[in-house]
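I have placed the structure first, in the form of structure tokens, so that the comments after it can refer back to it.
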Amino acid sequence: MQSFDIDFLARGFHLDKNGSVKIKIDNETEVSGWWAYGNLVKLGTNFYIVNEINSFVVEDWSVCKCVGITNGDHPVFTHDIISYINPETPKGETEIGEVVPINQFVRIDGRYWTHLYDINMGDYKLACEVIGNVFETPEKLEINE
């Protein structure tokens with residue numbers, strides 16, 4: 001992957017009938033394509049992901065912004081599904097949740113809120129593992145239910 005400033009990094013789904021990633025956008029419709037990474041640009045009603053080499057039209061429903069943290073070498077994006085240690089539980093239990101940004105806070109599946117400054121664990125590393133996203137693997141959110 002190219003190097004990007006994670007504070008401005010975004011990803012979006014570029015439709016391509018030959019794409020290797022398949023996403024169900026409702027109960028009946030499946031689309032093919034691939035994820036594009038770069039800076040987000042909106043022109044009129046269209047969204048683009050622009051990087052050092054190309055620009056790609058992406059679907060508005062798929063736009064995810066990096067929340068400014070990484071787990072290892074991988075940026076964490078909105079709508080990622082993560083496995084994390086919940087410090088609010090007595091034994092620090094592992095939970096599964098969706099990453100949702102709210103202003104300068106991150107909400108993980110409605111259970112855990114934190115300020116972005118509080119999750120700065122040495123070089124913006126969060127003690128979590130990205131296990132999917134709500135577009136490709138929504139069933140992973142059902143584990144905690």
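Connection of Leu40 to Tyr37 is not established within any shared hydrophobic cluster, with ILVMFWY side chains joined at heavy-atom distances below 4.5 Å, either directly or through further cluster members. Under the 4.5 Å side-chain heavy-atom criterion for ILVMFWY residues, no single connected hydrophobic cluster contains both Val41 and Val58. Phe47 and Val21 end up in different hydrophobic clusters when Ile, Leu, Val, Met, Phe, Trp and Tyr side chains are linked at under 4.5 Å. One hydrophobic cluster holds both Leu15 and Val134 under the rule that ILVMFWY side chains link at heavy-atom gaps under 4.5 Å. Criterion: ILVMFWY side-chain heavy atoms under 4.5 Å apart, direct or through other members. Under it, Val57 and Leu43 are part of a common hydrophobic cluster.
Side-chain atoms of Lys140 come within 3.5 Å of backbone N or O of Ile131 as a donor-acceptor pair.
In terms of heavy atoms, Ile81 sits closest to Thr137 at CD1-O, 3.2 Å. Summarising the geometry of Ser83 relative to Ile96, their closest heavy-atom pair is CB-CD1, 3.8 Å, with the distance given to 0.1 Å. Annotation for Ile49 and Gly38: closest pair CG2-N, 3.3 Å, computed over non-hydrogen atoms.
Between the CG atom in Asn133 and the CG atom in Leu141 there is a gap of 10.0 Å [rounded to 0.5 Å]. Here the straight-line distance linking atom CG of Asp80 with atom CD of Glu129 works out to 11.5 Å at 0.5 Å rounding.
For an aromatic pair to be called close, the ring centres must be under 6.0 Å apart, and Phe135 with Trp35 satisfies this.
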Pairs under 3.5 angstrom only: tabulate donor-acceptor contacts from the side chains of residues 59-66 to other protein residues two or more places apart or in another chain.
unit_1	atom_1	unit_2	atom_2	d
Ser62	OG	Phe13	N	2.7
Ser62	OG	Glu59	O	2.7

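Ring orientation note: the planes of Phe56 and Trp34 are nearly perpendicular, at an angle over 60° on the 30°/60° scale.
The local environment of NZ in Lys17 is sparse, with at most 12 non-hydrogen atoms from other residues, nucleotides or ligands closer than 6.0 Å.
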